[in-house]
Structure formats: C-alpha cells, structure tokens
Amino acid sequence: MPARFRLDLDFAPDRCEYALGDGLLAEVGPKTARLVTSPVCVLVTDSGVAATPHAAAAESSLRRAGLAPRTVVVAAGETSKSVESANRLWREFAAAGLGPDGAVVALGGGMVGDLAGFCAATWMRGVSLVQVPTTLLAMCDSAIGGKTALDLPDGKNLVGAFHQPRLVLADLAALDTLPGREFRAGLAEVVKCALLRDRGSLTHLRDASPALAARDRGEVAGAVRLAVEVKADHVRGDVNDRGGRRTLLNLGHTTGHAIEAETGYAGVLHGEAVAAGLVVAARIACERRLCGEDLVAATHATLGALGLPTAPPTGLDPARIAARTLLDKKRRGGRRRMVLPHARGGAGLYEVDDAEFLAALAG
Ligand SMILES: NC(=O)c1ccc[n+]([C@@H]2O[C@H](COP(=O)([O-])OP(=O)(O)OC[C@H]3O[C@@H](n4cnc5c(N)ncnc54)[C@H](O)[C@@H]3O)[C@@H](O)[C@H]2O)c1
Ligand SMILES: [Zn+2]
C-alpha cells in the first residue's frame, strides 16, 4: 500500500486539504506560506512534542519558507486544554502581531489541536489554521472536521467553536516517537470507522494487525486513510453536527465517555474506553438483529488483535456506567440513545433501555 495520499475535503462552505506521507513535516513551511499573505504565524505545541525532533523540524521548515514563527509550548496533558491556556495563547498571538492574514499551526495530538484550534477560531473572529497531527488519534480523527474546544472544571469540551483547518499535514515519521499505548488507542477510532464502512474493512484491519503493530508505513497510511474518508463522509452535509450523519461517528462513544468519566479520566485512554464501547454497541445491535453474532465476534477479534481492550477496566460499577450514559449529549427526554452498527456497514441511532444496556455491558 502506498505510504502517502492527498485528499481534498469538501466541508462546504470550507475546503480542507489533507496530506499524509513520510517526511511531510519538511513541507509545513512552503504549504503554510501558500495560504497566507503575512509571514507572521504562531506554532503551538506541547512539552511532549517539544521534546521530540518534530517541533524543531516544523519551526525550521516555516523559517526556510520565509515565515516568522513564534513558538508557544504548553504543558502536555489534558489539563492544558483550559481557559487559562487559551488566554496565554491569545496574549502570545498579540505579542507576535498575528493578524487575520497570518496562521496558527497546531503541532501535536488532539489536545494541542483543540486548544490551538479554538484560539485560532476566536482570534480576530478567525485566522487560518493548519493542523499538523502527531498522534494517530489526531491524524485519524481530531485534526479533521473542524471541532475545537476547551475543557472546564465542569466537564470536557464545554466551550468550543467550529473552525475548519485549511490544511492538515500528517507526517508518518512523527509517529515513530509516539508511545505504543497511545498508538494502539488511536487504532480504536480506525476500528470504529471500519465498522461504519463495511465488513471488508474490518476483516482487513484484523488481518493487517501484525503489520499495524509493527507500524508498517503502508498499512498505517491505509488505516488513516480509511478513518479520514469515513469521517469526512459523515461530516460532509452535517458539518455543524446538527443531528445528521455526523452523529454516527459517536459509535462506541456513549459507553466510552461513561467509562472515561467513571475512571476520572485517569488510567484509561479515550481509545481504550471507545474500544470497550464498540463491543457493547455490537452486542446490543446483535440482540436487536441489526447484525449477526459474527459481527460481534469480528469486532472483538479485531480489537483484541490490535492490542485493545474489549471490556471496561475491572472494578467499575456497571450501574454507575449506565447512569453516566444517561447524561450523554445524544439523550432525548432522559432516555439513552446509542449508535448501533448494522450488519453490512453503516449504523443508526436507537433508544436503549437500562436492562438492554446492562446485559450488553455484562457480556
Ligand atoms: N476535535 C475533535 O474532533 C476531537 C476528536 C477526538 C478527540 N479530541 C480531543 O483530542 C484530545 C486527545 O488527543 P490525543 O489522544 O492525541 O492526546 P494528546 O494530544 O493529549 O497527546 C497524548 C500524549 O502524546 C504526546 N505526543 C503527541 N505526539 C507525540 C509524538 N509524535 N511523539 C511522542 N509523544 C507525542 C503528547 O505530548 C501527550 O503527552 C482530547 O482532548 C479530545 O477531547 C478532539
Ligand atoms: Zn473518539
């Protein structure tokens, strides 16, 4: 499989170029320069990424292209996706002299992408955003679709804006420094997208799991491409997430978010929680004859082969997980609604009662 691709994503009225390849960090300068008329830009990253060679590579590419980047490093970790960090970034934008003709370049995982994206969305009512994702999750998911957000002590992603990046540049080489657990967690979103597409994609993922575990460039590129195509397909036509197809991307997330919240966002990664959520959704779908037992088995086997969990961490109270899912944003009139997969790909949104949910959670 070729280890590079380029897609033109149409999120009307916006367009976004997505490019993935080996060594693309060297192109962030020339590609960003083509989007702006001012040399002033701000490169935002976190301390984890700043400790790798990627930050210096991106900064020097921007300089070589004639741009004048100001680099801002926030502490790694979800706690930096805060109003305090946003305030710091806006002040840095002001100090850099960033105008509407400049750009914000977000180099990092979804945390940096959401934070820098939100600041770009709100700076002078919107400045060009370039996403340079360095985690598999960000390449597959958070860097595209235009959702930007901050967390509050009251909850995750409570403050946010839609702001499409003009360019997403994913360098496969950046993944070389990503810890294995973070890499595997990103694969959960790929499994979700395979379920949404078709059975062949799921089977392929299971068969490719040894190559993916070895981070074979061609297979990783194929997995990211699948995820980007499926996400773009669901975002297009429902860009602002108004109850259309974009909702289906929530497959596995009703349970996943509840598991994350129950663990206090510690000890379990988002992708790991979503993996368990995908199995729960498949079991409920099977009980309702939306799919056969074989889809549950294939989901389970694929996640297992990719080194992902297929159940919530032990010690969590099922009743509390069930109660948490009632707070999900898809709820209607206090009733739980979940995305359930269909036998031949695709999914739908269904009401699920406590008994049905608890039975699937128990396995
Ligand atoms: N906007 C969206 O549509 C969307 C979608 C999904 C998730 N998200 C958000 O994404 C965030 C999670 O993103 P994430 O999983 O990428 O986590 P993250 O951004 O917190 O990154 C995880 C860790 O990996 C480190 N890291 C990043 N790239 C690295 C690299 N190449 N080498 C070594 N270390 C590296 C980071 O420093 C950090 O410590 C959450 O805030 C979530 O809400 C947003
Ligand atoms: Zn997710």
Side-chain angles (χ1 to χ4, degrees), residues 78 137 141 147 149 151-158 184-185 187-189 191-193 195-196 234 241 243 246-304 306 308-343 346-363:
E78 187 68 21
L137 177 129
D141 191 355
K147 283 190 181 176
D151 302 333
L152 294 182
D154 313 83
K156 262 178 66 82
N157 297 327
L158 288 182
R184 287 191 294 279
L187 288 171
E189 303 287 352
V191 175
K192 175 193 82 176
C193 290
L195 275 163
L196 289 173
H234 286 77
D241 204 3
R246 191 164 184 162
T247 312
L248 301 181
L249 292 168
N250 239 253
L251 175 60
H253 284 63
T254 313
T255 312
H257 285 147
I259 293 170
E260 284 184 278
E262 265 309 289
T263 54
Y265 299 94
V268 61
L269 296 178
H270 175 71
E272 295 167 347
V274 168
L278 290 174
V279 175
V280 171
R283 282 198 192 118
I284 300 172
C286 178
E287 280 301 313
R288 290 185 170 212
R289 304 276 181 267
L290 295 170
C291 68
E293 186 64 50
D294 57 323
L295 189 74
V296 183
T299 304
H300 205 280
T302 307
L303 292 168
L306 294 170
L308 283 160
T310 50
T314 48
L316 294 188
D317 177 0
R320 286 182 57 106
I321 297 178
R324 290 262 190 195
T325 61
L326 289 171
L327 305 173
D328 183 84
K329 65 181 178 187
K330 298 183 295 304
R331 72 180 182 270
R332 245 322 141 68
R335 291 190 300 276
R336 175 189 300 105
R337 291 199 306 168
M338 292 176 68
V339 180
L340 303 178
H342 295 166
L349 191 57
Y350 300 87
E351 264 186 34
V352 175
D353 67 23
D354 275 346
E356 206 177 4
F357 180 79
L358 285 166
L361 194 61

Under the salt bridge (Lys or Arg N to Asp or Glu O under 4.0 Å) test, residues paired with Arg337 that sit two or more places apart: none
Value rounded to 0.5 Å, distance of CG in Leu361 from OG1 in Thr255: 7.0 Å
Out of Leu251, Asn250, Asp241, Leu196, which one pairs with His234 under the side chain to side chain contact (heavy atoms under 4.5 Å, CB included) rule? Leu196
Under the ring pair (Phe, Tyr, Trp, His ring centres under 6.0 Å) rule, what pairs show up with a residue in residues 266-288, not counting sequence neighbours? His253-His270, His257-His270
Applying ring pair (Phe, Tyr, Trp, His ring centres under 6.0 Å) as the test, list every pair that has at least one member in residues 308-333; sequence neighbours left out. none
Set out, in order, the CA-CA distance, both residues' side-chain angles and the distance that settles side chain to side chain contact (heavy atoms under 4.5 Å, CB included) for Thr254 and Phe357, then state yes or no. CA-CA 11 Å; Thr254 313; Phe357 180 79; 5.7 Å; no
Looking at every heavy atom in both Ala285 and Leu340, which two are closest together, and how far apart are they? CB-CB, 4.1 Å
Exercise answer: donor-acceptor pairs, residues 271-282 side-chain atoms, under 3.5 Å, sequence neighbours excluded:
unit_1: Glu272; atom_1: OE1; unit_2: Arg181; atom_2: NH2; d: 2.8
unit_1: Glu272; atom_1: OE1; unit_2: Leu269; atom_2: N; d: 2.9
unit_1: Glu272; atom_1: OE2; unit_2: Arg181; atom_2: NE; d: 2.6
unit_1: Glu272; atom_1: OE2; unit_2: Arg181; atom_2: NH2; d: 3.4

Tell me which pairs pass salt bridge (charged side-chain N to carboxylate O under 4.0 Å, His left out) where either residue lies in residues 310-319, with sequence neighbours left out. none
Leu248 and Ala347: which non-hydrogen atoms are nearest, and at how many Å? CD1-O, 3.6 Å
Tyr265: partners by side-chain contact (heavy atoms from CB on, under 4.5 Å), with sequence neighbours left out: Lys156, Glu260, Ala261
Report the distance from atom OG1 of Thr302 to atom CG of Leu187, rounding to the nearest 0.5 Å. 11.5 Å
Would you please name every residue forming a side chain to side chain donor-acceptor pair (under 3.5 Å) with Thr325, sequence neighbours left out? Arg336
What residues form a side-chain contact (heavy atoms from CB on, under 4.5 Å) with Asp294, not counting sequence neighbours? Arg199
Salt bridge (Lys or Arg N to Asp or Glu O under 4.0 Å) partners for Arg331, two or more places apart: none
Show me the pairs that pass ring pair (Phe, Tyr, Trp, His ring centres under 6.0 Å) and involve residues 280-302, at least two apart or across chains. none
Distance, nearest 0.5 Å, that separates NZ of Lys330 from OG1 of Thr247: 8.0 Å
Please list all pairs meeting salt bridge (charged side-chain N to carboxylate O under 4.0 Å, His left out) that have one or both residues in residues 280-289, counting only residues at least two apart or in different chains. Arg288-Glu356
Closest heavy-atom pair and its distance - Ala360, Ile284: CB-CG1, 3.3 Å
Would you compute the distance between atom CG of Leu295 and atom CG of Leu290 and round it to the nearest 0.5 angstrom? 10.0 Å
Please identify each residue that fulfils salt bridge (Lys or Arg N to Asp or Glu O under 4.0 Å) with Arg324, with sequence neighbours left out. Glu262
CG (Leu152) and CG (Leu158) are apart, to the nearest 0.5 Å, by 5.0 Å
Donor-acceptor under 3.5 Å (Lys192 side chain, Leu249 main chain): yes
Where the side chain of Asp151 meets the backbone of Asn157, is there a donor-acceptor pair that is under 3.5 Å apart? yes
Shortest non-hydrogen separation from Gly334 to Leu326 and the atoms involved: O-CD2, 3.6 Å
I need the minimum non-hydrogen distance between Gly304 and Thr310, along with the two atoms involved. N-CG2, 4.3 Å
